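Because the structure is a prediction, the values reported are computed rather than measured. In what follows, every heavy atom counts, from backbone to side chain, and hydrogens, waters and symmetry copies are set aside.
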Amino acid sequence: MLHPILDASSGEASPSRARALQSPSASLWVQIPALAMSARRQAWQFAAALVFFHGSEYVLAAAFHGRRNVTATSLLISKQYVLAMGFAMLEHLTEMIIFPEVKEYWFVSNIGLLMVLIGEIIRKLAVVTAGRAFTHVIRIYHEDQHQLVTHGVYRFMRHPGYFGFLLWAVGTQVMLCNPMSTVAFTYVLWRFFSKRIPYEEYFLRQFFGSEYEEYALRVHSGLPFIK
């Protein structure tokens with residue numbers, strides 16, 4: 001049986017086919033399957049992280065507050081969030097084609113995966129520990145079930161849920177080996193929480209007074225450079 005690139009009549013390599021396989025485009029197609037393996041693995045891990053994070057957020061909110069009291073906001077998906085994740089996937093795909101070697105840093109990708117796992121665990125510990133006191137929307141009115149939680153993971157940081165989400169979100173980009181998105185996610189999320197935390201703590205001080213003041217002096221917020 002003749003080799004695919006051999007001429008059928010002479011058994012010698014066809015010059016046109018040989019040139020085709022030696023062309024840069026042919027070499028690229030030969031390399032893409034091997035180079036894309038790590039990128040595909042990263043993309044599947046990213047998809048799994050998204051599904052588990054948002055699905056579990058909704059399930060826990062329904063478990064603590066009742067399914068009737070839970071809305072789509074408990075999925076924590078907004079237009080800005082969709083745009084950010086869309087940009088992340090676009091960067092991943094673009095770099096996979098143009099700079100595929102960037103996706104070959106397995107050590108960096110595995111660090112990102114570890115960040116995702118740790119962030120997920122801290123976030124869920126915060127939700128479970130707070131129970132009904134945990135909500136996805138900042139409360140501006142005090143309710144009977146709204147209690148100041150200072151035990152468990154809250155002994156080490158005042159906002160473990162925010163810290164866990166920050167670590168998880170940035171970790172997804174490190175896992176994808178997305179340098180631009182890693183920097184962008186870190187900056188945007190830190191800036192968001194730097195504004196959200198003082199706003200939320202204003203109401204917590206209104207609800208719990210000196211009790212929260214003492215707690216805030218004793219325990220750090222949990223996020224870097226945010227007291």
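Ion pairing between a basic and an acidic side chain is recognised when a charged N comes within 4.0 Å of a carboxylate O; R139 and E200 show no such pairing.
Side-chain heavy atoms closer than 4.5 Å link hydrophobic residues (I, L, V, M, F, W, Y) into clusters, and following such links, possibly through other members, connects V82 to F192. Following chains of ILVMFWY side-chain contacts shorter than 4.5 Å, one cannot reach F52 starting from V174, and the two form parts of different hydrophobic clusters. Linking ILVMFWY residues whenever their side-chain heavy atoms come closer than 4.5 Å, directly or via other members, places F107 and L114 in the same cluster. M89 is connected to L50 through a chain of hydrophobic side-chain contacts under 4.5 Å among Ile, Leu, Val, Met, Phe, Trp and Tyr, so both are in one cluster. Note on F225: it clusters hydrophobically with I197, by side-chain heavy-atom contacts below 4.5 Å among ILVMFWY residues.
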Could you walk me through whether F207 and Q147 pass the side-chain contact (heavy atoms from CB on, under 4.5 Å) test, one step at a time?
CA-CA 9 Å; F207 299 158; Q147 300 177 350; over 6 Å; no
Working for side-chain contact (heavy atoms from CB on, under 4.5 Å), residues V219 and Y154
CA-CA 8 Å; V219 180; Y154 289 88; over 6 Å; no
Pair R196, I138 - check side-chain contact (heavy atoms from CB on, under 4.5 Å), show working.
CA-CA 9 Å; R196 183 181 176 93; I138 294 177; 3.5 Å; yes
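By the 4.5 Å heavy-atom criterion applied to side chains, F64 and V127 are counted as neighbours. In this structure the side chain of F46 never reaches within 4.5 angstrom of the side chain of R41, judged on heavy atoms. E120 places a side-chain heavy atom less than 4.5 Å from the side chain of S56.
Rounding to the nearest 0.5 Å gives a distance of 8.5 Å between CD1 of I118 and CZ of F163. One distance of note links CE of M85 with OG of S181; it measures 9.0 Å at 0.5 Å rounding. Separation of atoms CH2 (W106) and CD1 (I111) is listed at 14.5 Å; rounding is to 0.5 Å. Atom-to-atom distance recorded for I122:CD1 and L117:CG is 11.0 Å, nearest 0.5 angstrom. The CE atom of M96 lies 13.0 Å from the SG atom of C177; values are rounded to the nearest 0.5 Å.
Side-chain atoms of H65 never come within 3.5 Å of backbone atoms of V70 as a donor-acceptor pair (strictly under, hydrogens ignored). A side-chain donor-acceptor contact under 3.5 Å links N178 to the backbone of A88. Put simply, the side chain of Q42 gets close to the backbone of K103: a donor and an acceptor are under 3.5 Å apart. The closest donor-acceptor contact from the side chain of T94 to the backbone of E91 lies at 3.5 Å or more, if one exists at all. No donor-acceptor distance shorter than 3.5 angstrom exists from the side chain of W190 to the backbone of L166, with no hydrogens or angles considered. Of the possible polar contacts, none joining the Y215 side chain to the T150 backbone as a donor-acceptor pair under 3.5 Å is found. Side-chain atoms of T129 come within 3.5 Å of backbone atoms of L125 as a donor-acceptor pair (strictly under, hydrogens ignored).
Side-chain contact of H136 with E57: a donor-acceptor pair under 3.5 Å is present, judged by distance alone. The closest side-chain donor-acceptor pair between Y162 and R123, if any, does not fall under 3.5 angstrom. Side-chain contact, E201 with Y212: a donor N or O sits under 3.5 Å from an acceptor N or O. Donor-acceptor pairing under 3.5 Å is recorded for the side chains of Y187 and R191.
Listed by first and then second residue, the side chain to side chain donor-acceptor pair (under 3.5 Å) pairs that reach into residues 217-227 are E214-R218, sequence neighbours excluded.
The side chain to side chain donor-acceptor pair (under 3.5 Å) search around Q45 returns none, not counting sequence neighbours.
Within 6.0 Å of atom OH in Y81, more than 12 heavy atoms from other residues, nucleotides or ligands are found, so the atom counts as buried in its surroundings.
Among V108, L176, V170, the single residue meeting the side-chain contact (heavy atoms from CB on, under 4.5 Å) criterion with T182 is V170.
Relative ring orientation between F53 and F165 is described as tilted, the plane-to-plane angle lying within the 30° to 60° band.
The shortest heavy-atom contact between R205 and A216 is NH2-CB, 3.7 Å. Contact detail for A133 and V149: the closest heavy-atom pair is CB-CG2, 4.2 Å.
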